[in-house]
Amino acid sequence: SQTRRYDPAYHFKQDLQAQGCGCCCNAFCWANVWLFLWLCLNIIAILFYSLMVYALYSPYGTVEFQCDNNSDGIYEECDVKQVLLDQGITHEVAIATLVVQCIITICNIFGFIGLWNCIPWMILLTVIIGSIGVIWSLVYFILAKQYWYIVALIVPMLLVCFFCSIYNTARAHQKEAKSYQNVQHQDPV
């Protein structure tokens, strides 16, 4: 007997590539571009938070940079450890921030895996992390009374909507694959 098999990853990519106007201007390509840019930013954040942890666990004077302590325009050497401690950033906060950033980066990598293999729950992680990021930024801007920066959240909100659409497309292709499997198991041999 002839077996019918539905490959959700293949059809998912075909569907996303059909949403656009060419080989480089389609939903699949743009999803990869945005995930790559997000990965680059996540790696930079991990390096920054790693430096923060290193500075806090090092002796005073180990990591220094030029800063304007008094806001008088005169730059002098500042100790990163002292600056961080003065801002209330403790060892525990620095480690927790680094761990959270590593989890976000892992979710970013899952986004790639989900996109290339049509795994909806991995794409959903991207949507959830993006939504949490938008909400976190909104709360921060409101509490810091930086209301004009709220306008900058339009792009992340659009990206969350974009990946939500991709998630729904992946879910539809997985459902289609399951319906093919169910029909195949019901056919007599």
Side-chain angles (χ1 to χ4, degrees), residues 16 19 25 27-58 63-115 120-171:
L16 291 179
Q19 297 175 23
C25 189
F28 185 73
C29 179
W30 279 109
N32 279 290
V33 166
W34 289 116
L35 285 171
F36 177 74
L37 290 174
W38 188 32
L39 181 63
C40 291
L41 292 173
N42 284 330
I43 290 170
I44 290 169
I46 286 175
L47 293 173
F48 175 77
Y49 296 134
S50 298
L51 175 65
M52 196 166 70
V53 169
Y54 173 74
L56 285 169
Y57 278 95
S58 298
V63 182
E64 293 182 337
F65 70 105
Q66 294 287 320
C67 71
D68 182 8
N69 268 341
N70 306 325
S71 299
D72 57 1
I74 300 172
Y75 288 87
E76 55 193 58
E77 288 290 317
C78 294
D79 184 20
V80 172
K81 182 174 185 171
Q82 189 61 50
V83 170
L84 292 171
L85 291 173
D86 288 347
Q87 292 179 358
I89 299 174
T90 63
H91 297 83
E92 296 80 12
V93 169
I95 290 173
T97 305
L98 181 60
V99 168
V100 167
Q101 187 60 48
C102 288
I103 291 169
I104 290 170
T105 304
I106 290 168
C107 290
N108 184 195
I109 293 168
F110 281 166
F112 274 114
I113 295 168
L115 182 65
W121 71 266
M122 289 185 177
I123 299 169
L124 182 61
L125 281 177
T126 303
V127 173
I128 292 169
I129 294 296
S131 299
I132 291 170
V134 168
I135 293 167
W136 176 260
S137 297
L138 179 66
V139 169
Y140 173 79
F141 292 147
I142 291 171
L143 292 177
K145 297 182 182 176
Q146 298 173 342
Y147 303 115
W148 286 105
Y149 289 108
I150 293 173
V151 175
L153 294 177
I154 291 172
V155 172
M157 286 183 349
L158 290 174
L159 286 173
V160 167
C161 293
F162 175 66
F163 280 101
C164 191
S165 169
I166 290 174
Y167 162 72
N168 286 325
T169 304
R171 234 178 59 190

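Both backbone and side-chain heavy atoms feed into the values below; hydrogens, waters and symmetry mates do not.
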Side chain to side chain contact (heavy atoms under 4.5 Å, CB included) test vs Phe163 passes for just one of Leu125, Leu124, Ile129, Leu35, namely Leu35
What pairs of donor and acceptor atoms, side-chain ones from residues 132-145 against any protein atom, are under 3.5 angstrom apart with sequence neighbours left out?
unit_1, atom_1, unit_2, atom_2, d
Ser137, OG, Gly133, O, 3.0

What side-chain donor-acceptor pairs closer than 3.5 Å can you find for residues 88-95, not counting sequence neighbours?
unit_1, atom_1, unit_2, atom_2, d
Thr90, OG1, Glu92, OE1, 3.3
Thr90, OG1, Val93, N, 3.3
His91, NE2, Leu56, O, 2.8

*Validation row: Leu158, Phe162 side chains within 4.5 angstrom (heavy atoms)*: no
The disulfide bond (SG atoms under 2.5 Å apart) partners of Cys40 (sequence neighbours excluded) come to none
For residues 150-169, the side-chain hydrogen bond (donor to acceptor under 3.5 Å, both in side chains) pairs (sequence neighbours left out) are none
Interatomic distance, OH@Tyr57 vs NZ@Lys81, rounded to 0.5 Å, equals 10.0 Å
Side chains of Glu77 and Gln66: any donor to acceptor distance under 3.5 Å?
yes
Would you say that Leu51 contacts Leu47 through its side chain, given a criterion of any heavy-atom pair below 4.5 Å between the two side chains? no
Between the CD1 atom in Ile113 and the SG atom in Cys107, the distance rounded to the nearest 0.5 Å is 11.0 Å
Here the gap from Ile103 atom CD1 to Leu98 atom CG, rounded to the nearest 0.5 Å, amounts to 10.0 Å
Shortest non-hydrogen pair, Asp79 vs Glu64, comes out as CA-CG, 4.2 Å
Closest heavy-atom pair, Val160 versus Ser131, reported as atoms and distance to 0.1 Å, is CG1-OG, 3.5 Å
side-chain hydrogen bond (donor to acceptor under 3.5 Å, both in side chains) pairs touching residues 34-43, sequence neighbours excluded, are Asn42-Gln101, Asn42-Asn108
Residue set satisfying disulfide bond (SG atoms under 2.5 Å apart) with Cys164, at least two apart, ordered chain then number -> none
Is the number of heavy atoms from other residues, nucleotides or ligands within 6.0 Å of CZ (Phe65) greater than 12?
yes
Minimal heavy-atom distance between Val83 and Cys78, with the atoms involved, is CG2-CB, 4.1 Å
Just wondering, do Ile166 and Phe28 contact through their side chains at under 4.5 Å, heavy atoms? no
Within the 4.5 Å heavy-atom criterion, are Leu115 and Leu16 side-chain neighbours or not?
yes
Heavy atoms of Gly111 and Thr126 approach each other most closely as CA-OG1, 3.4 Å
| said: Would you say that more than 12 heavy atoms from the other residues, nucleotides or ligands in this model lie under 6.0 Å from the CZ of Phe36, or not? | reply: no
